[in-house]
Amino acid sequence: MADKRGAKKAAARKIERPTAIASVVSGFPMIKNVGLRQVHVADTLICNIDGIHGKLIYRGYSIETLAEYSTFEETSYLLLYGGLPTREELDAFTASLKAERALPLDVLNSLIRMPRTTLPMDVLQAVTSTLAGHDPEISGTTREASVRKAIRLLAKLTTAVAAWARAREGEAPIPPRDDLSHAANFLYMLTGREPDPEHARVFDVNLILQAEHQFNASTFTCRVVASTRAHLYACVAAGIGALSGPLHGGASNEVIKMLREIGTADRARNYVKSKLDSGERVMGMGHAVYKTHDPRALILQDMAIRLARRPGGDRKWFDLSQAVEKSAAEEFRRRGKSGIYPNVDFFTAVVNTALGIPPDLHTPVFSMSRVSGWCAHIIEEKFAEAQPKPAIYRPLAHYVGPGSTIKSLPYVAIEKRRKAKGN
Ligand SMILES: CC(C)(COP(=O)(O)OP(=O)(O)OC[C@H]1O[C@@H](n2cnc3c(N)ncnc32)[C@H](O)[C@@H]1OP(=O)(O)O)[C@@H](O)C(=O)NCCC(=O)NCCS
């Protein structure tokens, strides 16, 4: 039965996923490739990815270098300004982030009043739109004003995630501190305790790893909205919506759900097998661009090992993740599927859980990091920094429905219409 269902789904996927078609229709090049795979839609100066060799570069610097030497503040500066800061520039940037940490009182109050069942990504999207009304430069059109707006969002969304984590439990939000780094301050606002320095650094690196990833679905969404010249908050709110989906930023939460469902390492193989037999996906595996190891996942895996091996460290999630990784590799191999490896969300789930971050906050945490990459792209799009001039995105669609431009459908009076099958 499961096999039949799997075969049916696979057949349906084949229909949904035609191969790329390139031809010329009435003078326009027609490139149809579902999901825009392999299609270059713009130039960018921000991020370079080599999915075959597993390389990720922010503004010329490898992710391994940044994870080893940089901080989230410095990486955000790099993404927004295009180069690494001097000491004075970094100090000034860090000071502006700290000065923007507090939420306006009525934003905080509206967040506290939201139904406790509100999904955290919906809270974040609502807060982003509400913050727009508090930005004195909302209509500012210069690059400098855009960077200042980005700094405000970067600082305030982090506070909003921590505030919601507490408010939904009926606890008072903890005001930010200005003597802690961005990463350490978040963990402090979440728990009320100053974090252990190793935890703070692991979280800092986690934020660096998630800050940017070129034209993924949410960044592309931000750029499409930016191309209409909507303001930065509108672009970011749209990006948050895109990131919330389980095939994008929501995968980390799904990974923890999966590990919980599996429960013990000895059940991993059967779980993976039954998912694949029924045509379902193993969450946290596979990537649209990387056909080898995701370089961020490798760094996160190392950090997950370090956290698990610390005295008092909880090994459970790490051991389970290892069992799933091994079983998935074996099952994918057995089924002749290559190029599917654990992605960033797989190990983010393990690391964030070891840091005490609740599973449904993993995607909001991803957003508070990715907002630096989103804003860099929004600015690049708005100010045409990598292209000759700004242009609104407007692809074409190939109409495959009934009627045509030559012969449209006749309008049938409502009394004469027959109920369509299935309605
Ligand atoms: C991320 C993802 C959407 C990228 O997929 P993609 O590049 O579009 O690849 P496809 O969806 O075309 O998948 C290619 C094949 O690999 C399989 N595959 C890819 N990821 C898989 C997974 N996690 N579990 C099972 N099979 C998977 C697909 O079923 C497909 O097989 P088919 O050709 O027989 O239909 C996909 O790997 C996925 O859904 N992963 C799980 C969700 C996740 O972790 N998302 C976070 C991404 S950072």
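All ligand and atom numbering here is 1-based and tracks the order in the structure. Nothing fancy with the numbering, it's 1 onward along the sequence.
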Closest to [atom] among [options] (heavy-atom distance):
atom	options	value
atom 43 (C) of ligand 1	Ala217, Gly35, Ala251, Pro342	Ala251
atom 3 (C) of ligand 1	Arg281, His248, Met258	Arg281
atom 47 (C) of ligand 1	Asn343, Leu276, Val344, Val34	Asn343

Polar-atom distance check: [X] versus ligand 1, any N or O pair below 3.5 Å?
X	value
Ile340	no
Met285	yes
Pro246	no
Arg37	yes
Met283	no

For residues 152-161, the salt bridge (charged side-chain N to carboxylate O under 4.0 Å, His left out) pairs (sequence neighbours left out) are Glu100-Arg152, Glu100-Lys156, Asp135-Arg152, Glu137-Arg152

So salt bridge (charged side-chain N to carboxylate O under 4.0 Å, His left out) across residues 206-222, not counting sequence neighbours, yields none

So, [X] and [Y]: side-chain donor and acceptor under 3.5 Å apart, yes or no?
X	Y	answer
Glu325	Gln301	yes
Tyr393	Glu381	yes
Thr221	Ser218	no
Asp50	His53	yes

Margin query: Pair Thr94, Leu90 - check side chain to side chain contact (heavy atoms under 4.5 Å, CB included), show working.
Written below: CA-CA 6 Å; Thr94 306; Leu90 181 60; 3.8 Å; yes

Applying a heavy-atom cut-off of 4.0 Å, say which part of Leu247 lies close to ligand 1: side chain, backbone, both or neither.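 The answer is both, backbone and side chain.
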
Just to be sure I read this right, does ligand 1 sit under 4.0 Å from the backbone of Lys337, its side chain, both, or neither, counting only heavy atoms?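 Only the side chain of Lys337 comes within reach of ligand 1.
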
With heavy-atom distances below 4.0 Å as the criterion, list the atoms of ligand 1 near [X].
X	result
Ala288	4 (C), 7 (O)
Asp345	46 (C), 47 (C), 48 (S)
Gly286	1 (C), 37 (O)
Gly284	43 (C), 44 (O)
Val282	22 (C), 23 (N), 24 (N), 25 (C), 41 (C)

Check for me whether [X] has a heavy atom closer than 4.0 Å to any atom of ligand 1.
X	answer
Lys291	yes
Lys275	no
Phe332	yes

Can you classify the ring geometry of [X] versus [Y] as parallel (below 30°), tilted (30 to 60°) or perpendicular (above 60°)?
X	Y	value
His213	Tyr290	tilted
His182	Phe72	tilted
Phe203	Phe186	parallel

Mind running side chain to side chain contact (heavy atoms under 4.5 Å, CB included) on Cys47 and Leu56 for me, showing each step along the way? CA-CA 7 Å; Cys47 179; Leu56 170 60; 3.6 Å; yes

